[in-house]
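So the structure is just underneath, and the comments pick up after that.
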Amino acid sequence: IGAVEAYSTVSVKTQITGELTGVYFKEGDDVKQGQLLFSLDKRPFEADLKRQEGNLARDQAQAANARAQQRRYESLVKAGVVSSQDYDQYATAASALDAAVEADKAAVENARVQLLYCSIYSPINGRTGNLIVHRGNMIKANDNPPLVNINQVQPIYVTFTVPEQYLAEIKQLSGKGRLKVQAIVPNDTGAVQGTLSFLD
């Protein structure tokens with residue numbers, strides 16, 4: 001007598017907080033890896049991406065201007081018109097704005113990633129379980145319980161016990177190669193073939 005267990009189980013959670021705008025499966029549906037399961041409201045994340053892109057464009061313009069001023073002062077220092085202290089101020093300002101541009105690029109990339117998290121896809125082929133949330137709900141990042149559990153059922157595990165008197169023989173034979181296993185479902189015709197994965 002044995003018990004059937006999922007080959008693997010994935011608890012699907014969101015990585016962002018927002019309003020659930022779409023659910024694209026029903027409880028108990030078989031889903032494919034990469035299939036869209038949920039969508040969240042993208043508008044706040046699209047607005048944040050535009051804001052970060054605007055900051056980047058502004059700082060890039062300021063950095064370009066600061067580098068141009070640095071080059072002008074560099075030639076004036078060589079000509080002895082201005083002090084090296086004045087030049088150092090412009091060089092420092094240009095370096096600071098270059099660093100701000102790099103920080104803005106990282107912020108833009110982060111905003112793009114957050115926007116991608118508005119669509120949640122199935123990580124595996126499997127069967128969906130109980131649906132915890134529905135369209136219109138506010139959901140929180142990494143909250144419990146998960147939005148849905150997906151069980152991989154192809155292939156599938158069957159765990160079973162054997163009488164102790166056969167254990168030594170099974171261990172001996174499993175060392176020589178993979179052992180075949182037949183699983184018979186009650187009130188079902190035919191047997192399902194498999195192989196012994198491991199002995200616990």
What pairs of donor and acceptor atoms, side-chain ones from residues 164-186 against any protein atom, are under 3.5 angstrom apart with sequence neighbours left out?
| from | atom 1 | to | atom 2 | distance (Å) |
| --- | --- | --- | --- | --- |
| S174 | OG | I170 | O | 3.1 |
| S174 | OG | K171 | O | 2.9 |
| R178 | NH2 | T195 | OG1 | 3.0 |

### Side-chain heavy atoms of T92 within contact of Q89, under 4.5 Å
no

### Distance in Å, S122 OG paired with Y24 OH, rounded so as to fall on 0.5 Å steps
15.0 Å

### Message
Give me the atom names and distance for the closest heavy-atom approach of C118 to I16.
### Response
SG-CD1, 3.7 Å

### Task
Check whether any side-chain heavy atom of L131 lies under 4.5 Å from a side-chain heavy atom of F25, and answer yes or no.
yes

#### Entry: Residues that D104 engages under side-chain hydrogen bond (donor to acceptor under 3.5 Å, both in side chains), provided they are two or more places apart
none

### Query
Measuring from Q15:CD to I120:CD1, what's the distance to the nearest 0.5 Å?
8.5 Å

#### Entry: L196 reachable from I156 in the ILVMFWY side-chain graph, under 4.5 Å edges
yes

#### Entry: Minimum side-chain heavy-atom gap R112-E53 below 4.5 Å
yes

#### Entry: Joint hydrophobic cluster, L199 plus V158, side-chain heavy atoms closer than 4.5 Å
yes

### Summary
When rounded to the nearest 0.5 Å, the distance separating CD of E19 from OG of S39 is 10.0 Å

## Note on the structure
On a heavy-atom basis, the closest approach of D30 and R127 is OD1-NE, 2.8 Å

Please tabulate, one pair per line, all N/O donor-acceptor pairs under 3.5 Å involving side-chain atoms of residues 133-148, not counting sequence neighbours.
| from | atom 1 | to | atom 2 | distance (Å) |
| --- | --- | --- | --- | --- |
| R135 | NE | T21 | O | 2.8 |
| N137 | OD1 | H134 | N | 2.8 |
| N144 | OD1 | K13 | NZ | 2.7 |

#### Entry: side chain to side chain contact (heavy atoms under 4.5 Å, CB included) against I124, all qualifying residues, sequence neighbours excluded
S8, V10, I150, Q152

### Gap separating the CD atom of E102 from the CG atom of L56, nearest 0.5 angstrom
9.0 Å

### Reported OG1-to-CG distance for the pair T128 and N149, which is rounded to 0.5 angstrom
10.0 Å

### Query
Checking side-chain contact (heavy atoms from CB on, under 4.5 Å) against L49, which of V113, N110, V108 comes through?
V108

### Message
To the nearest 0.5 Å, what is the distance between CD on Q114 and OG1 on T17?
### Response
9.5 Å

Counting only pairs under 3.5 Å, give me each side-chain donor-acceptor contact of residues 60-73, with atom names and distances, residues two or more places apart or in other chains.
| from | atom 1 | to | atom 2 | distance (Å) |
| --- | --- | --- | --- | --- |
| R67 | NE | D98 | OD2 | 2.9 |
| R67 | NH1 | Q70 | OE1 | 2.3 |
| R67 | NH2 | D98 | OD2 | 2.4 |
| Q70 | NE2 | Y87 | OH | 3.3 |

### Shared hydrophobic cluster for Y157 and V153 (ILVMFWY, side-chain gaps under 4.5 Å)
no

I'd like a table of donor-acceptor pairs (distance under 3.5 Å, sequence neighbours excluded) in which one partner is a side-chain atom from residues 31-38, with atom names and distances.
| from | atom 1 | to | atom 2 | distance (Å) |
| --- | --- | --- | --- | --- |
| Q33 | NE2 | P123 | O | 3.4 |
| Q35 | OE1 | K32 | N | 3.1 |

### Task
Check whether V162 and V192 end up in the same hydrophobic cluster, where Ile, Leu, Val, Met, Phe, Trp and Tyr are linked by side-chain heavy atoms less than 4.5 Å apart.
no

